[in-house]
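Since the model is a prediction, treat every value here as computed from it, not as a measurement.
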Amino acid sequence: MITTVLRQALRARGEEPAVLCHSGADTLREVSGPPRRPGDLLVDLGAHPLGEPLRIDSVEGAEVEPVAGLVALVAATPTDLNRALTAAVHLPRTVQVVVALLDTPGHQDPPVPAGPGMGQWRDLQELRVRRMGKRGWVCELFFPNAIDTAQVLDSVLHGTRGRRRGPVVAPLTALSGPESSLWRPGDTGTHGIDVTGPVPLRRVTPVADLALRVHEDAAPAWNEEAVPALDRAATTADAWEGLTGTDGRARAELVVAAQSPAARVTVSPADLVAPIDETTVNPTGFSKAEKGPLGHLTVQGDHAVIREGNKDLVAVAADGTVTDVDLTRLRHLRGVSVDWSGHTGPTAAVRAVASLAAGGVPLVAGPVPSWAVGLGAPLTELLAGATDADLTDRLAREEHSIRLRRAALYTHGLRSRWRALGAQAEIPLPPAPRISVILCTRRPEMVGFALAQIARQRGVELETVLTLHGFGADRPEVASAIQAYRDTGLAITVHEASADQVFGSVLNDSVARACGDLIAKWDDDDWYGPEHLADLVLARTYSGAELVGTGQDFVYLQEVDLMVWRSRESETATRFIAGGTILTDRVVLEETGGFRPLPRAIDTQLLIAVSRGGGRIHRTHGLGYVLRRTGGGHTWSEDMAYFLHNYARQWAGWRPSVLLEGEPRPLGGSTEVHEEPAMTTTNPGVRP
């Protein structure tokens, strides 16, 4: 079908030259088949070096900006399309664009473009989006006048992700050299520059705050005083045959040679490795496949593969890239065993292993060799300590996966990596979003308990808005809890609402008093792990959803002293999450009208409003949250039998996931803390 579409497009392009691009495995053959004219270009856009313009001849003369009659891009996966976007800044303007995706993961939307907001597409003549095979797509756009091609490709890709683009990747960057697209995938705001500079000006301002040069050999002198430059080696620079020293230690001890004088920060080995774009490589689609086969990351011939028995499921790219479609092909495995004996080179091997971990694939490995120091200490420790027994128990497998994805995304995620590079070059960076935790309670005896759960959150900047619904802050147990919370150094705003004010209205008043960028709803009697908020922020980044939360996986039935693990589907788009775990942007609450002024079911009403407005809801893992159910007093009314249906396991007594990391002592002198009992389970033969 792609060949037919390209032939028709080439016939319709008039006298202007065409630029046929490809990105990813097995895409060259798709664009090399249709007949081309002299002057047409065939480009591997995923590997094109930034800073090297693509030159075509214009039929109107050399003094006029060249315009292509057609720009076509065939990408193997959305990950490959994302990478190609960076080099798309070198593409000429055009009147016809064809984008083909050979395969997509099942969780993504069709590539229906969302036009830019400055009226650039008002004269769009025609738009066609067609399914190609089971999960492929072709998108064609026709314009009467030439338009910015990179912007069109960007709109097509982000059509698969919904409205939000996620947090910005800072600082603003210029790139040069081979594999530079690996370092800034999906960024059409990046500029390609010459390896020696300078960085172009937009009027009187440089178009970038930092330059990154990727090269195989020593880089020449940098001739730009206004913008600092950092240097990184391409993955081809440390192929096995080029290494010296035992166990490849030469790469492990590599120090980047031509750093800017401004870069006086110690370089972490992980920061020498090209990052992982968490918007395409992430745990979305994670499955509970503890009974599946074990895959093996190993070497077959001259390249790395992931095998199931004698079948190759994934061929890993030479630079270590793992795509979103690759992850889909691995979801049925209980895990992947890492063989450290080969691959194309240490950097590529590190990128492949880190990508699998970021995707939530449970990994086991033998002793991690010294050349893999670029993985970072947290990821190395997790790999070294895991066994196959961790993969055959459903709960242990998911806990291991969550720890791996946290370590990989915090160490190797695109946004984390660029914040580290910006700090290395001493470039001021925008602050991380601040979270306002909204805690509204009618129970003075639960204030110290709830504030203790908030106080132990780590990895985020937060404030708390405590609303006392129907009682005052002068009660001794309340006053002591608030003071103990303030003693931790965290900010808190205390608001007293009258007892007759409806609950939804009370929550809206709490939001009005919040100063944060994000709003997190908190229940006064539930348990939250110390990385609960950090996990939600991470899920917000990689999912692009307007609202994120967790499922009600762990439920403690207090009346009968029973813990239930329901093992719900996680890392997926959904219509329902636990109300006590809602995290969303302030602007989303504004767009949806906030919480409805109702006494109950307000969380459900907010979820309905977000979905009705075209927003997406993402449910991340629920192992760091425990819902408490007592005999009554809940705004969501379900009897005990509801939570005893379709459970995976149950235990007598208090038995949360290890990711909850126990229970903090309530602030202000209260002593309601569960002691860890001897663990028992109704399912024999499973991990207690």
Side-chain angles (χ1 to χ4, degrees), residues 164 167 430-443 446-473 478 481-486 488-498 501-526 528 532-541 545-550 577-598 602-603 605-607 609-610 613 615 617 625 635 667:
R164 288 189 67 246
R434 192 182 193 199
I435 303 173
S436 292
V437 178
I438 304 302
L439 170 60
C440 178
T441 179
R442 283 185 177 273
R443 295 177 283 200
M446 298 304 297
V447 172
F449 172 87
L451 290 179
Q453 305 287 330
I454 301 172
R456 72 169 180 159
Q457 296 299 300
R458 58 179 180 244
V460 293
E461 293 290 330
L462 64 84
E463 65 161 3
T464 298
V465 178
L466 171 62
T467 299
L468 309 176
H469 194 183
F471 60 94
V478 176
I482 293 172
Q483 186 57 51
Y485 184 84
R486 286 195 170 112
T488 67
L490 295 171
I492 185 170
T493 299
V494 180
H495 166 55
E496 298 179 7
S498 63
Q501 187 176 359
V502 70
F503 187 46
S505 175
V506 172
L507 285 176
N508 286 328
D509 286 351
S510 300
V511 172
R513 288 167 169 79
C515 299
D517 309 287
L518 308 178
I519 304 296
K521 187 171 175 290
W522 205 272
D523 281 356
D524 62 358
D525 60 346
D526 295 337
Y528 300 82
H532 168 74
L533 289 177
D535 285 344
L536 292 182
V537 172
L538 202 59
R540 169 182 176 265
T541 299
E546 277 76 9
L547 187 148
V548 297
T550 79
I577 60 171
T581 69
I582 287 173
L583 177 81
T584 191
D585 296 51
R586 294 183 66 99
V587 67
V588 173
L589 288 175
E590 180 183 356
E591 291 172 349
T592 56
F595 296 99
R596 287 189 63 186
L598 299 171
I602 54 173
D603 301 328
Q605 292 298 312
L606 176 62
L607 300 180
V610 170
I617 301 167
Y625 170 71
T635 58
L667 299 178

Can you measure from [atom1] ([X]) to [atom2] ([Y]) and round to the nearest 0.5 angstrom?
X: D535; Y: Y625; atom1: CG; atom2: OH; answer: 14.5 Å
X: T467; Y: E496; atom1: OG1; atom2: CD; answer: 10.0 Å
X: L533; Y: R456; atom1: CG; atom2: CZ; answer: 11.5 Å
X: R434; Y: L518; atom1: CZ; atom2: CG; answer: 11.5 Å
X: R596; Y: I602; atom1: CZ; atom2: CD1; answer: 11.0 Å
X: L598; Y: D603; atom1: CG; atom2: CG; answer: 11.0 Å

Heavy atoms, side chains only, cut-off 4.5 Å: are [X] and [Y] in contact?
X: L547; Y: L583; result: no
X: V465; Y: V437; result: no
X: K521; Y: T581; result: no
X: V447; Y: L468; result: yes
X: L490; Y: R486; result: no

Which heavy atom of [X] sits nearest to which heavy atom of [Y], and what is that distance?
X: L451; Y: A481; answer: CD1-O, 3.8 Å
X: R442; Y: F471; answer: C-CE2, 3.4 Å
X: L439; Y: D523; answer: CD1-C, 4.2 Å
X: Y485; Y: L462; answer: OH-CD1, 3.5 Å
X: L667; Y: A455; answer: CD1-CB, 4.5 Å

Backbone of [Y] reached by a side-chain donor or acceptor of [X] within 3.5 Å:
X: E463; Y: C515; result: yes
X: S510; Y: V506; result: yes
X: T488; Y: A484; result: no

How would you list all residue pairs meeting salt bridge (charged side-chain N to carboxylate O under 4.0 Å, His left out) that involve residues 578-589, not counting sequence neighbours?
->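 For residues 578-589: R540-D585.
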Taking side-chain contact (heavy atoms from CB on, under 4.5 Å) as the test, write out the residues that go with A545, two or more places apart.
->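 Partners of A545 by the side-chain contact (heavy atoms from CB on, under 4.5 Å) criterion, ordered by chain and then number, come out as S543, V548, R616, H618.
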Quick one: sort the F503 and H469 rings into parallel, tilted or perpendicular, breaks at 30° and 60°.
-> parallel
Evaluate whether atom CD of E461 has more than 12 neighbouring non-hydrogen atoms of other residues, nucleotides or ligands under 6.0 angstrom away.
-> no
Please test D509 against Q501 for side-chain hydrogen bond (donor to acceptor under 3.5 Å, both in side chains), starting from the C-alpha separation and ending with a verdict.
-> CA-CA 11 Å; D509 286 351; Q501 187 176 359; 2.7 Å; yes
